[in-house]
Amino acid sequence: MAATLIKGAEVAAQIRAELKQEVDELKAKHNLTPGLVTILVGEDPASVSYVTAKQKTSHELGFYSVQDNQPPDITEEALLKLLDKYNNDPKIHGILVQLPLPKHIDSNKVLYAINPDKDVDAFHPVNVGRILIGNYAFLPCTPAGCQELIVRAYGDPKGKECVVVGRSNIVGKPMVAIMIQKRQGANATVTCVHTGTPKDKMIEHCRRADILVVAAGVPKYVQADWVKEGACVIDVGVNRIGVSEKTGKAILAGDVDFDAVKEKASFITPVPGGVGPMTITMLMKNTVMAAKLNAGLIKI
Ligand code: GUN
């Protein structure tokens, strides 16, 4: 039986409608307008398109939003000074520095200079620690989007076997931290497999998964015979595997062999149109949380 497609764009639109209502209420009741700055260094085409999409969505939700473009040769010192300005700007509640940064800049030094309460990417060590402890305001956007899709499509992960393929700081590790939380929407039994896991063990672990989250960075990596009948499969991969002769646009594939795996899974995210649309929406959610945190409407 073919799996039900998890349509990320539809879920994202639903969450954005809920957020819009919340933003309208924050404005009316608390005179509070969430503020987001996205900082782009250089003109990498993929980064330009991501940042443009983030700005567009924040405008649609009625945020105060600032796009700050910096030249590719900006010094680390100047970038740190810029962050200091936004850390102290009361109209800005969320700061996002688009990655990757040019090689002459130490990305960690930059990310660690963001005020943790304005760190809407949740990459700062303080936020990473808060998440592990289980007392946090923000979750990293991509794994948080995966969790929303799992809960809304598949249901409560409590007690389920969740296997995460990949251990990046942006997806794999925070995905593990999210799914092991002792709270609603999590409470799963979690295994993480990665490049250090022997292939036969990796397959063995994947076959046990009720929920399989794949962020391996390898096109069509996970095969149908790795997947348990009825599993919920979340594919985080976005790989350019060619160019369409018809449209000239990139042909994308996820990290899962979609056509074969969809015959075994009960739910599966397509690429594109699965996890992707959720990431920006979770950034918007984090910015609303940051505004509320700053105004004292919530506490960590
Ligand atoms: N570049 C690719 N993904 C991300 C992300 O989630 N956050 C930031 N800041 N940059 C990125």
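As the structure is a prediction and not an experimental result, all values here were calculated from the model. When a residue number appears, it is its place in the shown sequence, counting from 1. Both ligands and their constituent atoms are indexed starting at 1 by order of listing.
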For the residue pair Arg167 and Cys192, what are the closest heavy atoms and their distance? CB-SG, 4.1 Å
Verify whether one side chain among Ser65 and His59 offers a donor that lies under 3.5 Å from an acceptor in the other. yes
Could you list the residues that satisfy salt bridge (Lys or Arg N to Asp or Glu O under 4.0 Å) with Asp210, not counting sequence neighbours? Lys228
Run the ring-ring contact (aromatic ring centres under 6.0 Å, His included) test against Tyr221 and tell me which residues pass, sequence neighbours left out. Trp226
Pairs under 3.5 Å, N/O atoms on ligand 1 and on the protein: can you put them in a table with the distances?
residue: ligand 1; atom: 1 (N); partner: Gln98; partner atom: NE2; Å: 3.2
residue: ligand 1; atom: 1 (N); partner: Leu99; partner atom: O; Å: 3.0
residue: ligand 1; atom: 7 (N); partner: Asp121; partner atom: OD1; Å: 3.1
residue: ligand 1; atom: 7 (N); partner: Asp121; partner atom: OD2; Å: 3.4
residue: ligand 1; atom: 9 (N); partner: Val97; partner atom: O; Å: 2.8
residue: ligand 1; atom: 9 (N); partner: Asp121; partner atom: OD2; Å: 2.6
residue: ligand 1; atom: 10 (N); partner: Leu99; partner atom: N; Å: 3.0

Between side-chain atoms of residues 6-19 and protein atoms elsewhere (two or more places apart, or another chain), which donor-acceptor pairs fall under 3.5 Å?
residue: Arg16; atom: NH1; partner: Thr281; partner atom: OG1; Å: 2.9

Are Glu148 and Lys285 ion-paired here, with the side-chain N under 4.0 Å from a carboxylate O? yes
